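Report on one structure; see the data block that follows.
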Amino acid sequence: MQQDPDVIARTAEELVGDLNPQQGEAVQYQGPALLIGAGAGSGKTRVLTRRIAWILSQFGAWPSQILAITFTNKAAAEMRERLATLIGPVAQRMWVSTFHSACVRILRRDGQSIGLKSGFSIYDSADSERLIKIIATEFNLDVKRYTPRSILGKISDLKNNLTGWQEYLAVHAPDFTPGQRGYQFGHAGDLEAIHAVLYAEYEHRLGLANAVDFDDLIGRTVELLRKDPQVADYYHHRFRYILVDEYQDTNHAQYVLVRELAGVDARESADATPGGNGRFAGKTGPAWITVVGDSDQSIYAFRGADIRNIQDFEQDFPNAKTIMLEQNYRSTQTILDAANAVITNNEGRKPKKLWTAMGKGEPIVGYAADNAQQEAVWVAGEIARLHAEEGIAYSDMAIMYRANAQSRSLEEALINGGEPYQLVGGTKFYERREVKDALAYLQALVNPDDDVNLRRILNVPKRGLGDRAEAILLAYAREHGASFFYALMHVDEIQDMPTRTANQLRAFRDLMASLSQFTRAHDAKPSEVVAEVLDKSGLRADLEKSVDPQDASRLENLSQLQSTAAEFEQKTPDATLAGFLETTALVADSDQLPDEGEDSGKVTLMTLHTAKGLEYPVVFLTGMEQGTFPHSRAMEDISELSEERRLAYVGITRAKRRLYVTRAAVRSQWGQASDMMPSQFLDEIPDELIDWKRREAGVERMRGAWGRDEFDDDFGGWDDDFSSGATFGGSGSSYGSSYGSSYGSGSRYGSSYGSGSSSYGSGSRYGGSSRSGSGSYGGSSYGSGSNGRSYGSGSGSRSYGSSGSRYGSGSGSSYGSGRLGSGSSYGGTRGGKVTTRRVAPKSGGSSAQPVSSLDKDNQLNIADFSIGDKVTHDKFGLGTVVDLQDKGRNSVITVDFGSAGTKRLMLRVAPIEKL
DNA sequence: GTACAGCATGGGACT
DNA sequence: CATGCTGTAC
């Protein structure tokens with residue numbers, strides 16, 4: 001047998017000897033289609049890598065015949081690494097990538113046949129929005145009424161379902177031709193016609209600009225495979241084994257892509273090979289497909305993921321086999337019990353029985369804070385305690401939340417506690433203004449057709465070229481049916497231009513021409529091109545001469561961009577500028593996490609979405625409130641609420657040994673404080689699993705007391721709670737002052753750190769600057785961390801001492817006298833007779849109404865409705881009732897809103913009105 | 001053409 | 001609360 005010399009041969013025993021029976025079966029299975037139902041923590045990555053090794057060593061496949069798709073680049077890198085230890089260096093050459101990267105690779109190679117030129121641009125959603133806005137403005141659409149965002153959302157939906165613009169246009173606006181000028185919409189408000197026209201025109205412009213958006217990467221690859229039999233044939237023969245991870249999060253387009261790549265619908269039929277020793281298994285006919293997923297962890301429906309892909313797998317792929325992995329190797333029984341109890345509340349799911357051999361473990365710890373700041377301080381204090389008293393490494397702890405905006409107060413508390421942390425996500429490095437500007441230059445140089453990017457930089461940095469100049473160039477380009485770049489290069493031929501404008505335009509043309517030349521000469525050295533662009537464009541000089549402290553950090557980001565380019569060209573053998581730009585377009589938040597095994601020495605903060613696929617010994621789930629989590633916009637719709645619940649399931653199952661759930665009674669969002677009810681997911685966790693350190697916030701006890709006229713009754717600790725709550729806004733306490741000083745420094749503080757992918761390591765820098773030094777830390781201690789590097793010293797050695805004194809030492813600190821101090825005051829559960837459910841807002845009081853709660857009630861009664869009734873909904877408009885489910889308080893009403901779709905709404909909270 | 005103030009508006013998770 | 005847009009003064 002000819003076998004790749006780089007492949008380390010592995011015996012069957014080595015590959016499956018240490019697996020459980022189901023895992024072993026999944027690794028060895030021979031057949032065209034395999035679904036591995038992998039519950040959380042059931043060792044799916046292990047099974048996937050072993051299976052690949054099995055296919056190579058036992059089926060005798062070549063590494064080049066395997067395509068492994070993961071969800072993020074980070075997951076791909078990790079899988080590749082694990083493969084390398086299993087089968088050797090050949091893993092570096094295998095196709096292990098995300099859907100998007102794989103598609104880019106295919107389109108770069110073969111995209112010509114569907115009209116893509118090499119060097120095509122990949123638009124991120126901001127670019128796409130810009131383009132939509134340009135188009136909408138040209139059509140005189142009211143951008144307020146038809147937001148680019150919503151239009152783009154519709155286009156994205158259509159693309160995810162592989163509905164082409166031709167098809168959509170033919171139905172909704174057949175009289176429009178893309179590229180046509182001055183089109184008038186029939187009657188205003190015909191949403192579908194507007195969508196159809198904008199979709200068509202948007203695609204037209206993308207084509208002219210030689211650009212694709214995120215969704216196109218998938219959709220156009222499908223198009224390519226369908227339109228070009230030669231290309232399809234090439235990939236059918238090339239990939240004999242396709243493995244897809246996180247299959248529950250694939251959308252329809254991705255599903256079709258897998259089918260097309262595998263050639264499932266191609267005519268060629270398979271030889272009946274299975275059996276024997278497996279040699280030649282899967283070598284003819286459609287490629288063999290292995291998908292791995294867990295429908296309970298489907299959390300991307302909002303992005304078009306279709307849970308039916310995994311549910312219908314057995315019908316979709318003939319002779320499909322399903323293997324369930326149900327033994328969990330990650331978490332304690334307590335944690336699994338909680339997760340199971342929560343997810344059981346979702347309707348229409350297949351029951352699953354995850355189990356573990358690990359034993360009960362510690363109870364889940366619960367804490368109800370008065371407000372978000374106090375919640376954060378408590379979490380930070382608990383982390384410090386775990387670190388000091390139990391020797392748990394910071395890097396073994398993670399704090400998770402529903403939305404990025406919640407990271408603020410948590411960061412604040414960690415900084416004050418001197419605890420090292422890294423924040424994942426938020427505004428991405430490559431989305432920052434100055435970085436996007438620099439990238440726009442590079443993109444325009446690589447792809448001269450890219451009007452969107454060229455127009456972006458026409459007047460960046462300011463060079464006196466405004467709307468007028470842009471319009472003049474645009475007119476010339478139109479007239480000649482050419483690109484903006486072409487017009488710029490021919491600026492000398494344009495008549496009747498103000499001298500000043502002409503001079504500026506010529507200067508800009510010379511700049512771009514010379515940069516273009518430089519780019520061609522140094523294409524293999526992206527870092528040099530970046531340096532040249534930053535230098536000659538004036539981007540760097542412009543920031544250097546600025547006195548705005550924000551610009552210092554911008555400058556640093558630009559130099560970071562240059563380093564990233566240098567790094568890229570070092571680790572990429574055949575580096576090109578286009579290749580570099582690709583990597584910047586496709587990075588994910590999770591890609592910046594440190595590699596497995598690499599101890600960052602820092603607590604990790606991230607959203608629940610980002611946390612998918614990760615695990616930590618200690619996990620804090622924060623913001624467990626109605627309206628925060630589940631998110632307010634998801635609460636009224638049953639399917640969205642189910643997705644939130646799956647997200648809760650994902651969050652809970654990230655924890656290996658200890659889980660904390662915390663909430664705040666008051667949370668300020670958009671500058672408005674609101675009373676928050678406990679999350680319904682907390683109520684779904686059996687009470688005996690949770691050890692509440694504080695079950696009810698002080699303010700809630702007060703509210704409850706007033707409401708019941710029991711003001712003076714015995715609520716042990718009421719006084720403490722009240723005073724600590726009251727001190728927050730005040731000035732006296734140590735907490736109040738340190739918080740006030742750094743937070744209060746306002747814009748500088750917020751701007752330098754609210755953004756993004758940063759990691760704050762050095763305790764000393766922060767510790768020292770908390771009061772007087774706020775001016776000095778605008779940008780200097782901030783690092784982008786986009787490539788997983790960590791900045792700052794990160795030792796955190798002194799941090800505990802300081803946090804200890806801040807929280808622990810009683811005097812002066814009205815805060816934490818006892819509660820947050822040392823473990824001694826922790827023990828007893830307080831206010832045990834109080835349940836979360838009972839906390840009801842006092843009606844008619846002066847305090848703010850709860851934005852959302854279990855008790856919210858719009859007084860609608862299921863009995864008043866019958867099928868066929870007309871209703872109006874605040875968001876979806878007019879609809880017809882098509883189904884009713886009487887479940888008492890939780891009654892559900894199903895309404896057909898026409899073009900807005902059919903929705904299942906929880907009657908009690910739905911903003912509807914009966915007509 | 002630019003700079004800045006004042007106002008309106010959005011507001012979620014991510015490739 | 002942050003950002004983006006509009007209007008005004010330079």
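The basis for the numbers below is simple: all heavy atoms, side chains too, and nothing from hydrogens, waters or symmetry mates. As the structure is a prediction and not an experimental result, all values here were calculated from the model.
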Considering just the side-chain nitrogens and oxygens of [X], establish if one lies under 4.0 Å of OP1 or OP2 belonging to [N].
X: A:Ser125; N: B:dC14; result: no
X: A:Asn160; N: B:dT15; result: no
X: A:Asn404; N: B:dA13; result: yes

Which residues pass the ring pair (Phe, Tyr, Trp, His ring centres under 6.0 Å) test with A:Phe508, not counting sequence neighbours?
none

Using the six-membered base ring of B:dG12, report whether A:His631 stacks on it, requiring centroids under 5.5 Å and planes under 30° apart.
yes

Taking 5.5 Å and 30° as the limits, would you call A:Tyr300 and the base of B:dA13 a stacked pair?
no

DNA chain B nearest-nucleotide lookup for A:Ala469 and A:Arg402: closer to the 5′ end is A:Ala469

Take atom [atom1] of [X] and atom [atom2] of [N], then tell me their distance rounded to the nearest Å.
X: A:Glu246; N: B:dC14; atom1: CD; atom2: C1'; result: 13 Å
X: A:Glu625; N: B:dG12; atom1: CD; atom2: P; result: 15 Å
X: A:Asp215; N: B:dT15; atom1: CG; atom2: P; result: 13 Å

Which part of the nucleic acid does [X] contact within heavy-atom distance under 4.0 Å: base, sugar-phosphate only, or nothing?
X: A:Gln406; result: nothing
X: A:Phe99; result: nothing
X: A:Ala405; result: nothing
X: A:Glu644; result: base

Produce the list of close N/O pairs, under 3.5 Å, pairing protein atoms with atoms of nucleotides 9-11 of chain B; give distances to one decimal.
unit_1: B:dG11; atom_1: OP1; unit_2: A:Arg149; atom_2: NE; d: 3.0
unit_1: B:dG11; atom_1: N3; unit_2: A:Trp670; atom_2: NE1; d: 3.4

Answer yes if the side chains of A:Ser128 and A:Tyr202 hold a donor-acceptor pair under 3.5 Å, and no otherwise.
yes

Are any protein N/O atoms closer than 3.5 Å to N/O atoms in nucleotides 2-5 of chain B? If there are, list each pair with its distance.
unit_1: B:dT2; atom_1: OP1; unit_2: A:Gly464; atom_2: N; d: 3.1
unit_1: B:dT2; atom_1: OP2; unit_2: A:Asn459; atom_2: ND2; d: 3.3

[X] and [Y] ion-paired at < 4.0 Å:
X: A:Arg633; Y: A:Glu640; value: no
X: A:Asp127; Y: A:Lys436; value: yes
X: A:Glu412; Y: A:Arg408; value: no
X: A:Glu203; Y: A:Lys159; value: yes
X: A:Lys44; Y: A:Asp294; value: no

Once side chain to side chain contact (heavy atoms under 4.5 Å, CB included) is applied, do any residues pair with A:Arg500, and if so which ones, sequence neighbours excluded?
none

Establish, yes or no, whether a centroid distance under 6.0 Å links the rings of A:Phe302 and A:His609.
yes

Would the A:Tyr300 and A:Phe71 ring centres measure less than 6.0 Å apart?
yes

Can you name the residues that form a salt bridge (charged side-chain N to carboxylate O under 4.0 Å, His left out) with A:Glu643, not counting sequence neighbours?
A:Arg646

List the atom of A:Ser121, the atom of A:Asp450, and the distance in Å for their closest heavy-atom pair.
OG-OD2, 2.6 Å

List, with names and distances, any nitrogen or oxygen atoms from the protein found under 3.5 Å away from nitrogen or oxygen atoms belonging to nucleotides 7-10 of chain C.
none

